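The structure under discussion appears below in the form of structure tokens.
Chain letters run A, B, ... following the sequence lines, proteins first and then strands; every chain starts at 1. In this text the structure is predicted, and so the values were computed from the model without any measurement. In what follows, every heavy atom counts, from backbone to side chain, and hydrogens, waters and symmetry copies are set aside.
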Number of protein chains: 2
Amino acid sequence: MTTTYNDSLRPRVFGVIQRFIEPCILLLLSKNTSHGYGLLEDLEKHCGEKVDIGNLYRTLRKMETNGWVKSEWYGNKAGRDRRMYTITKKGHTFLEKAVTSLTQTDNLIHRLLEGYQRTFQKGVSL
Amino acid sequence: MTTTYNDSLRPRVFGVIQRFIEPCILLLLSKNTSHGYGLLEDLEKHCGEKVDIGNLYRTLRKMETNGWVKSEWYGNKAGRDRRMYTITKKGHTFLEKAVTSLTQTDNLIHRLLEGYQRTFQKGVSL
DNA sequence: TGTCATATATGTAATTATCATATAGCATAA
DNA sequence: TTATGCTATATGATAATTACATATATGACA
């Protein structure tokens, strides 16, 4: 027996945290050096959203090959060793560009939300 | 000979229009009935971004199977016939939910941009 | 008849996101 | 001493989205 999946009922998130994870990480790292698991906790605290831990680690390694961050192992007596990440000059440059792109996205969402308010909250005047 | 692709140089758009296309379409359709190509032009005019025409048509058909819009062919003396789309009750309900999700995304981006401003524009006070 | 603008649509590759699993160190409880 | 739980890093596989390319059709106009 096959069940037909109803796409219209699927919950839709229009701005998943994963999409913004790179600038989020770089912003956190420009304040403090940190490691994967620590960033996970900070991201969830600041963003109020669950972050996929697998992708977070993969993203960090990719960001390192991109030269945006560099990492170094740090001993941890209380548990497994930590790979600590530091933002680089290149990372700062990228963050700057990301902020420009995010500002545009912000404008787009604003226009959409304002259009919605105009149409449905205040009637269709103007 | 193989060339290594430098991922760090790839332009990154953090909020592609495609991601927000469904609510954008529904908002436009809640003002006027329209067709694919017309929506394409309106979307580009309002969003200042190129929209992938192939995906737009596919999205519209999917939105129809989801019951958010319905379509009807309209004769067009000046060219090919047009498939005109109208928003449905279900589409309005979805748009409402989308706006909630988009408001959350908006907040997330704001927190990020504000954090950036605080860290880099006004120094690290507070 | 050739090109351009409008108009709808499908094929497929590349990228991104989700879900699952593996491994390891230490603490603490059973 | 084994099991469970939390921290910590990492990979495998699949699902979903996005980007790029191509096909087709109608009418206008040169």
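Of the candidate nucleotides C/dT6, D/dA10, C/dA17, C/dA17 has the atom lying nearest to any side-chain atom of A/V16. Between D/dT26, C/dC19, D/dA10, one nucleotide has an atom nearer to the side chain of B/R80 than all others, and that is D/dT26.
The stretch residues 60-80 of chain A participates, sequence neighbours left out, in these side-chain hydrogen bond (donor to acceptor under 3.5 Å, both in side chains) pairs: A/E64-A/S71, A/N66-B/D7, A/S71-A/R83.
Atom OH in B/Y57 sits about 12 Å away from atom C1' in D/dT24, given to the nearest Å. Atom pair B/Q18:CD and D/dT17:P shows a separation of 10 Å (rounding to whole Å applied). Separating the CG atom of B/D7 from the C1' atom of C/dT16 is a distance of 12 Å, rounded to the nearest angstrom. Following rounding to the nearest Å, A/E41 (CD) and D/dC6 (P) show an atom-to-atom distance of 12 Å. Atom CZ in B/R82 sits roughly 12 Å away from atom C1' in C/dA5 (whole-Å rounding). We find that CE of B/M63 is positioned 16 Å from C1' of D/dT17, with the value rounded to whole Å. Put simply, CG on B/L60 is 9 Å from P on C/dT8, counting in whole angstrom units. Following rounding to the nearest Å, B/N76 (CG) and C/dA5 (C1') show an atom-to-atom distance of 12 Å.
Both A/K62 and B/R61 lie close to DNA chain C; mapped to their nearest nucleotides by heavy-atom distance, the more 5′-ward contact belongs to B/R61. Residue order along DNA chain D, read from the 5' end via each residue's closest nucleotide, puts A/G79 first among A/G79 and A/R10. Both B/R58 and B/R19 lie near DNA chain C, and the one whose nearest nucleotide falls closer to the 5' end is B/R58.
Taking each heavy atom of A/V13 and B/R19 in turn, the nearest pair found is O-NH2, 3.9 Å. Nearest approach of B/V69 to B/L60, heavy atoms of both residues: CG2-O, 4.0 Å.
For the pair B/H46/A/L108, no side-chain contact is recorded, criterion being any heavy-atom separation below 4.5 Å from C-beta on.
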